[in-house]
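Each residue takes its place number in the sequence, starting with 1. We count ligands from 1, going down the list as the structure has it; atoms in each ligand are counted the same way.
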Amino acid sequence: MAKEKTHINVVIIGHVDSGKSTTTGHLVYKCGGVDPRKIEKFEKTAAQMGKSSFKYAWVLDKLKAERERGITIDISLLKFSTQRFTITIIDAPGHRDFIKNMITGTSQADVALLVVSAAKGEFEAGVSRSGQTREHALLAYTLGVKQTIVCVNKMDLTEPPYCQKRYDEVVRGVGAFLKKIGYDAAAVPFVPISGWTGENMVTPTQKMPWFQGWKVKRSTGHSSGRTLLEVLDSIQPPVRTTNKPLRLPLQDVYKIRGIGTVPVGKIETGVLKPGMTLVFSPARLTAEVKSIEMHHQALQTALPGHNVGFNIKNVSVKNLRRGDVAGNSQQDPPTAVESFIAQVIVLNHPGKIKTGYSPVLDCHTTHVSCRFHELKEKLDRRSGQKVQDLPPILVSGDAATIKLVPKKPLCVESFFTYPPLGRFSARDLKQTVAVGVIKSIEKVSLSPQKSEASK
Ligand SMILES: Nc1nc2c(ncn2[C@@H]2O[C@H](COP(=O)(O)OP(=O)(O)OP(=O)(O)O)[C@@H](O)[C@H]2O)c(=O)[nH]1
């Protein structure tokens, strides 16, 4: 039996219309992740509607519609295999509520594929102050997505087509702000492609002889790739924490005909098995796991990194929601927090931040408004050393230790104990105003409610 390939979650991010859906749909199609008959059907329908350029983008949307009809219990929409990995493309968020969905999807990812258009004016729009290219890269970094690959897309639309000068210009622009955010620019590969024509996606292109591949620095030495597929295959397998207690932030909860309540999400730490009794926090519910599925296959042991759907007994779908965290009732079960202490960096807030400020915090899959209860100390941004006790205000660029109090029930963890549940970004005025790492939590001292049946 062939050794099972490592499982990797990839989230596709980038400015509106940069080509995320087209590139994703075309890549999965070329890697055999989509039934060719489906593409033919999409091609015919798209042509009839005069939208033939949308045929690959529809792959994503149609499969999403399938899922929403409740005919599958896992969220992993698109799966395909490369030489080394089984890759799940995490739900590419639609237009509505984009940032929230993008953050939730990103918080589940091991790798971010940042799609940047090289077409005239489109790159510039994406990196402008109102553009999403920069904000998405910042959110991916903050939410702990360790590896990023930049697809320089729409190379067929540069002037002249497949122009090296334009590619170099985009690489310089994006590399500069990735470095500013904190990425090790030498470890971020760039790949010129056309998501529409398929150039340089899975086979080397003749149209860009000037591109001989990208050497990336890895802890295991250097690896390189020329096509998008080769670069995806060169990523560093993520370190999975199986030796910690279970933490599974819910991405969504479905009611599946003939099965019952099915929460879905990515296992961040620990393992999930049928028969386990779970605690859900802050819902304060307990329930037994009946079955687990990933990519339509039943699992007896689900591991960190796995995007799973699992069926639970005696809990109604309306009592659980995105942002609840599942854990093992026998091993450090998750609980809600009264408050938590975090190290926060203020990014681009137009005014002055004082005690009482209450932005929305995005942490793992949850979005909850939290009050800046006490500005405990101002820190030197580089060294982290204290420079002032109880600063009266904070402005852009300041770093501080802050006590935060959630305005609604919230389950988060210290970064040291459970890293994926211990980092957050704060949003206000429709932009990311701060990022933070949780140093300690004060737990709510309540025992979890029994499941409905045992009441
Ligand atoms: N010529 C050309 N057009 C492309 C390419 N990639 C995408 N497009 C077109 O650009 C438009 C937007 O593509 P999408 O894939 O929907 O972009 P997106 O980033 O998913 O868009 P949103 O989900 O709305 O943010 C469509 O008309 C695509 O056909 C490309 O490589 N070359």
>> Geometry only, no angles: is I193 polar-contacting ligand 1 at N/O separations under 3.5 Å?
In response: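 N/O-N/O distance under 3.5 Å: no.
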> Purely on distance, is any nitrogen or oxygen of G195 under 3.5 Å from one on ligand 1?
Replying inline: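 G195 vs ligand 1: N/O contact under 3.5 Å present.
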For ligand 1, does [X] get within less than 4.0 Å through its side chain, its backbone, both, or neither, judged by non-hydrogen atoms?
{"X": "T23", "value": "neither"}
{"X": "H15", "value": "backbone"}
{"X": "D17", "value": "both"}
{"X": "T22", "value": "both"}

>> With rounding to the nearest 0.5 angstrom, report the NE2 to CG distance, H364 to L361.
In response: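 The CG atom of L361 is 10.5 Å from NE2 of H364, to the nearest 0.5 Å.
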>> Quick check for you: to the nearest 0.5 Å, what is the distance between L394 atom CG and I345 atom CD1?
In response: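 So the CG of L394 and the CD1 of I345 are separated by 11.5 Å.
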Would you be so kind as to tabulate the donor-acceptor pairs closer than 3.5 Å made by side chains of residues 168-176, with sequence neighbours excluded?
| from | atom 1 | to | atom 2 | distance (Å) |
| --- | --- | --- | --- | --- |
| E169 | OE1 | R166 | NH1 | 3.2 |

>> Within the 4.0 Å heavy-atom shell around K20, which atoms of ligand 1 are there?
In response: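 Answer, ordered by atom number: 15 (O), 17 (O), 18 (P), 19 (O), 20 (O), 22 (P), 25 (O).
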>> List ligand 1 atoms under 4.0 Å from D156, heavy atoms only on the residue side.
In response: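 Once the distances to D156 are compared, the set is 1 (N), 2 (C), 30 (C), 31 (O), 32 (N).
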> Without hydrogens or angle criteria, can the side chains of T205 and E199 be said to hold a donor-acceptor pair below 3.5 Å?
Replying inline: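 Side chains of T205 and E199: pair found under 3.5 Å.
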>> Strictly below 4.0 Å, N to O, side chains only: are R247 and E413 in salt-bridge contact?
In response: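 Yes, charged N to carboxylate O under 4.0 Å.
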> Should the pair D110-K266 be classified as a salt bridge under the 4.0 Å nitrogen-to-oxygen rule?
Replying inline: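 Salt bridge flag = yes for K266 with D110.
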> So which of S18, G198, S21, S194 gets nearest to atom 20 (O) of ligand 1, if we judge by its closest heavy atom?
Replying inline: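 Nearest heavy atom to atom 20 (O) of ligand 1 lies in S21.
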>> Under the rule for ring pair (Phe, Tyr, Trp, His ring centres under 6.0 Å), what residues qualify as partners of F372, not counting sequence neighbours?
In response: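 Scan of F372 (ring pair (Phe, Tyr, Trp, His ring centres under 6.0 Å), adjacent residues dropped) gives Y357.
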